[in-house]
Amino acid sequence: MFNRTLFLSKRYELSHIRSTLLSKRSTPSHFRNMASVVNRPPEKDCTDITPPYTKLTQNLAFVQQKILKDKPLSLAEKILYSHLYDPREYDGGIVRGETYLKLKPDRVAMQDASAQMAILQFMLAGMPTTAVPASIHCDHLIEAFQGANKDVKAAEISNKEIFDFLQSAAEKYGIAFWKPGSGIIHQIVLENYAAPGGLMLGTDSHTPNAGGLGMVAIGVGGADAVDAMADIPWEIKAPKIIGIKLNGSLSKWSSPKDVILNLAGKLTVRGGTGHVLEYFGPGVDTLSCTGMATISNMGAEVGATTTVFPFSNSMYSYLTETRRHTVAEEALKNASYLKADSNVHYDQYIELNLSEIEPHINGPFTPDLSTPISKFAEVVAKNGWKDEVKAGLIGSCTNSSYQDMSRVVSLASQALDKGIQPKGKFFITPGSEQIRATMERDGQTEILEQVGGKILANACGPCIGQWKRTDIKENEENAILTSFNRNFRNRNDNNPNTMNFLASPEIVTTMIFAGKLSFNPMTDALIDKDGEPFKFQSPHGDELPHQGFADGNEDLEPIITVGNSSTKITIPENSSRLQKLEPFSPWHGNEFKELKVLVKVKGKCTTDHISAAGPWLKYKGHLENISNNTLIGALNADNEKINVVKNDLTGKDGNIPEVARYYKENNVPWIIVADHNYGEGSAREHAALQVRYLGCPLIISKSFARIHETNLKKQGVLPLVFKDEKDYELFSGGDIIETVGVVGLEPGKDVIIRVKKHETDKEFEVVTKHTMSKDQIEWFKMGSALNLIANQRF
Ligand code: SF4
């Protein structure tokens with residue numbers, strides 16, 4: 001939380017100290033960081049970046065006084081309610097977990113893979129420019145193979161039609177365009193656009209990264225982004241709030257990453273669903289802004305709607321160092337808006353003592369399998385895992401701050417001095433050109449390369465399966481450690497037998513020097529070049545660079561236009577990668593009859609399982625072609641096989657997309673029956689678009705992940721949830737169902753599913769519920785949310 005007196009006294013003190021500091025080369029880092037605040041770098045144009053605090057606080061005052069009768073509010077509520085489209089609509093009150101909020105976001109950010117579908121949909125909305133500032137970031141389509149420059153060049157060639165399409169759309173609609181190699185969406189947003197108290201939508205599930213700068217930033221599908229860009233109220237159910245009080249301060253080996261790795265173990269991948277994670281307490285003031293961004297980023301791993309931190313000294317410093325002092329000062333003036341009210345009630349309350357959190361290692365295959373490092377060697381032995389680390393990967397949008405890198409370099413320097421080399425591949429992914437250039441200027445890159453590390457492009461690369469791996473055989477069982485955020489099976493290298501563990505950059509670095517999964521740098525020694533035992537000293541590093549951030553390659557600065565209606569959006573004819581969208585058909589107005597269960601999915605079914613990334617990323621702009629990956633990672637409960645279902649029309653087994661397409665061609669609509677948290681993971685709306693495109697009008701599950709449930713609704717697919725989850729057991733592939741209650745669908749009203757077993761003709765009924773609001777029911781009736789927008793606009 002911001003302490004103005006403390007900050008100003010430090011500034012005063014520092015302005016006196018500064019002349020002394022400048023004459024000394026070895027300066028305590030905390031003084032140097034603050035000194036650079038006094039001597040701040042040239043300012044960016046903050047006009048579009050500064051939240052409209054006056055309007056927001058007026059809105060909030062109206063909601064809090066007139067509607068909520070002066071009830072104390074959490075920070076997330078303050079930010080959300082101040083962004084209500086029309087606060088007067090809520091005179092019946094706002095109830096967390098119940099009321100649908102219609103919001104007006106301040107900004108939209110899109111990454112290149114999801115931007116394609118977002119733009120294709122926005123083109124149908126008929127707008128001349130976007131209604132709010134927006135940005136496109138080319139980061140997902142760059143394969144990690146030969147190193148930064150070669151990989152970016154290769155991507156520019158292989159993805160030329162996609163980048164040309166996005167750039168032309170950006171020019172037409174006035175969207176900032178960040179070229180390949182400029183950086184990863186969330187790091188660029190943190191460095192340029194995030195602002196305390198703002199509301200942003202991003203077409204990527206780790207958009208909450210900006211919560212480290214006090215912004216409510218929410219990952220959504222492209223159709224939601226289209227709402228904001230088309231000036232349509234964006235709707236979300238008022239989230240519940242998990243209050244997390246931080247006490248103490250992190251010990252030397254622990255980092256902000258360990259806070260969220262620890263919390264993921266407590267909350268599990270579903271624990272945050274429908275909730276915002278809101279941090280507060282004295283421990284917040286001990287964290288860097290970028291550290292809070294890491295924690296916010298990975299709130300997505302527990303299914304949280306978003307994460308937010310209150311305005312703090314470190315946010316002020318970071319804003320100023322990234323040339324947004326105007327935003328810092330405006331936030332400071334509105335500091336009371338940027339923290340929770342006292343005596344606020346949280347739906348859940350968690351208290352963490354940072355001093356007690358030790359480094360954690362989470363995985364494999366799920367981010368909530370959390371083990372403190374002191375117990376990890378036991379876990380390795382108990383599971384009989386080979387005690388070897390094949391690759392260590394650090395960086396990405398989650399962990400490539402200056403602080404992360406300087407702490408890593410402090411460890412790499414020790415290894416270099418002792419002649420110790422990494423025992424496997426060691427890759428470093430800078431999050432942005434600004435970080436890359438600053439690392440290079442400050443000698444960090446040189447040390448990392450001398451020690452055997454390879455700097456990859458400022459892009460997602462191995463984090464999203466864009467890793468051309470040459471150090472193992474196909475499907476070889478092996479273990480890797482990453483400081484990324486997500487570790488579902490196949491995620492990094494498309495090898496189902498790669499065990500992927502998540503840890504802080506510091507722990508990943510020490511473990512790649514050890515080459516062993518069982519290594520604990522806090523207690524274990526390595527052998528140096530002279531045969532002597534060597535123990536790492538704990539890492540240390542600077543929160544912000546002493547000389548400010550370096551600008552980097554000016555060719556990678558964004559292309560900014562105000563919009564140009566004469567620009568033609570380039571979609572090559574007969575492209576296999578881009579295809580104009582056709583609107584989906586409206587609902588036929590009757591109950592559904594003769595729907596066939598295509599597959600009953602067992603267990604975890606993430607958006608990676610429903611619409612795989614890796615090699616499929618190239619078809620993100622071509623719905624027909626990418627639909628060939630639909631559900632190829634799903635486990636069929638009937639035969640315990642992945643991507644194998646019986647085609648009930650031919651009696652033969654086939655893969656899921658092939659059979660779905662066969663049903664579509666034969667006018668047989670089909671459904672999916674799914675387990676818990678169906679669609680967890682990313683904001684990938686293809687997972688909804690594809691099933692809709694292939695002929696699926698409804699899905700029944702034990703529960704849905706939030707973003708995916710919304711994505712389904714947006715695309716006109718009805719997400720139904722078993723009232724009694726045991727009913728899941730009654731279904732199998734090939735069953736025929738019909739609905740009772742879709743005609744006359746209303747919020748809160750159940751839908752009955754009549755089932756006819758395909759083997760026995762036995763019939764029965766089950767009850768399902770749904771979370772469709774009145775507006776969402778209109779989307780369903782119109783065939784999609786976009787159809788409704790287009791209908792209203794033309
Ligand atoms: Fe890219 Fe990975 Fe970050 Fe997603 S999580 S934006 S894939 S670096």
Side-chain angles (χ1 to χ4, degrees), residues 51-52 55-60 62-64 66-68 76-110 118 121-122 124-134 173 197-203 207 215-239 274 276 305-306 683 685 688 706-707 709-716 746-747 771-794:
K55 184 165 168 250
L56 295 175
T57 49
Q58 281 168 358
N59 264 1
L60 180 64
F62 177 86
V63 174
Q64 197 158 17
K66 301 270 187 262
I67 295 170
L68 299 172
E77 287 177 298
K78 286 179 164 186
I79 298 174
L80 289 170
Y81 302 167
S82 64
H83 283 85
L84 284 171
Y85 228 87
D86 183 357
R88 289 164 305 180
E89 277 184 25
Y90 297 85
D91 51 5
I94 298 174
V95 181
R96 291 182 195 159
E98 287 183 21
T99 310
Y100 274 94
L101 306 175
K102 290 184 184 169
L103 301 169
K104 187 172 176 51
D106 299 314
R107 158 171 300 280
V108 169
M110 296 169 278
Q121 293 178 86
F122 185 68
L124 295 178
M127 298 277 294
T129 57
T130 59
V132 296
Y173 297 126
L199 174 64
M200 182 179 77
L201 301 185
T203 59
T207 301
M215 189 173 216
V216 166
I218 301 181
V220 295
D224 287 42
V226 171
D227 284 351
M229 293 193 293
D231 201 19
I232 303 284
W234 175 68
E235 206 180 54
I236 187 171
K237 194 184 271 187
V276 173
T305 303
T306 193
E685 68 186 325
R706 177 193 64 84
I707 303 178
E709 185 179 32
T710 307
N711 286 344
L712 289 169
K713 292 173 179 177
K714 290 246 155 184
Q715 302 305 341
E746 281 178 24
T771 58
M772 302 282 282
S773 68
K774 261 190 163 158
D775 291 343
Q776 291 168 344
I777 290 170
E778 289 310 305
W779 303 344
F780 168 72
K781 288 181 178 169
M782 294 299 293
S784 71
L786 198 56
N787 286 359
L788 187 67
I789 295 174
N791 193 47
Q792 287 167 344
R793 197 164 293 285
F794 296 114

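Since we're looking at a predicted model, the values are computed, not measured.
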The side-chain contact (heavy atoms from CB on, under 4.5 Å) partners of Glu778 (sequence neighbours excluded) come to Lys781, Leu788

Paired with Lys102, the side chain to side chain donor-acceptor pair (under 3.5 Å) test is passed by just one of Asp775, Asp227, Asp86, namely Asp775

- Assess the side chains of Thr771 and Lys713: does a donor N or O sit below 3.5 Å from an acceptor N or O? yes

For [X] against [Y], the heavy-atom pair lying closest together:
| X | Y | answer |
| --- | --- | --- |
| Met110 | Ala118 | SD-CB, 3.8 Å |
| Phe62 | Pro87 | CD2-CB, 3.6 Å |
| Ala217 | Thr306 | O-OG1, 2.6 Å |
| Ile79 | Gly198 | CG2-O, 3.5 Å |
| Ala238 | Val95 | CB-O, 3.9 Å |
| Leu201 | Asp224 | CD1-O, 3.8 Å |

Contact between Trp234 and Val220 at the side-chain level, heavy atoms closer than 4.5 Å - yes or no? yes

Q. Quick one: are Val226 and Ile789 in side-chain contact, heavy atoms under 4.5 Å?
A. yes

Quick one: [atom1] on [X] to [atom2] on [Y], what's the gap to the nearest 0.5 Å?
| X | Y | atom1 | atom2 | answer |
| --- | --- | --- | --- | --- |
| Met772 | Ile777 | CE | CD1 | 6.0 Å |
| Arg706 | Asn711 | CZ | CG | 9.0 Å |
| Tyr85 | Ile232 | OH | CD1 | 7.0 Å |
| Arg88 | Lys66 | CZ | NZ | 13.0 Å |
| Leu199 | Ile218 | CG | CD1 | 6.0 Å |
| Thr710 | Gln776 | OG1 | CD | 6.5 Å |

Test side-chain contact (heavy atoms from CB on, under 4.5 Å), reference Leu80, set Val63, Val216, Ile94, output is Val216

Query raised in the report: With distance as the sole test, does Asp106 use its side chain to make a donor-acceptor pair with the main-chain N or O of Pro51 at under 3.5 Å?
Result: no

>> Please check this pair: side chain of Gln121 against backbone of Leu786, looking for a donor-acceptor N/O pair closer than 3.5 Å.
In response: no

Practice prompt. Given side chain to side chain contact (heavy atoms under 4.5 Å, CB included), test Leu68 with Tyr90 step by step and report yes or no.
Written response: CA-CA 9 Å; Leu68 299 172; Tyr90 297 85; over 6 Å; no

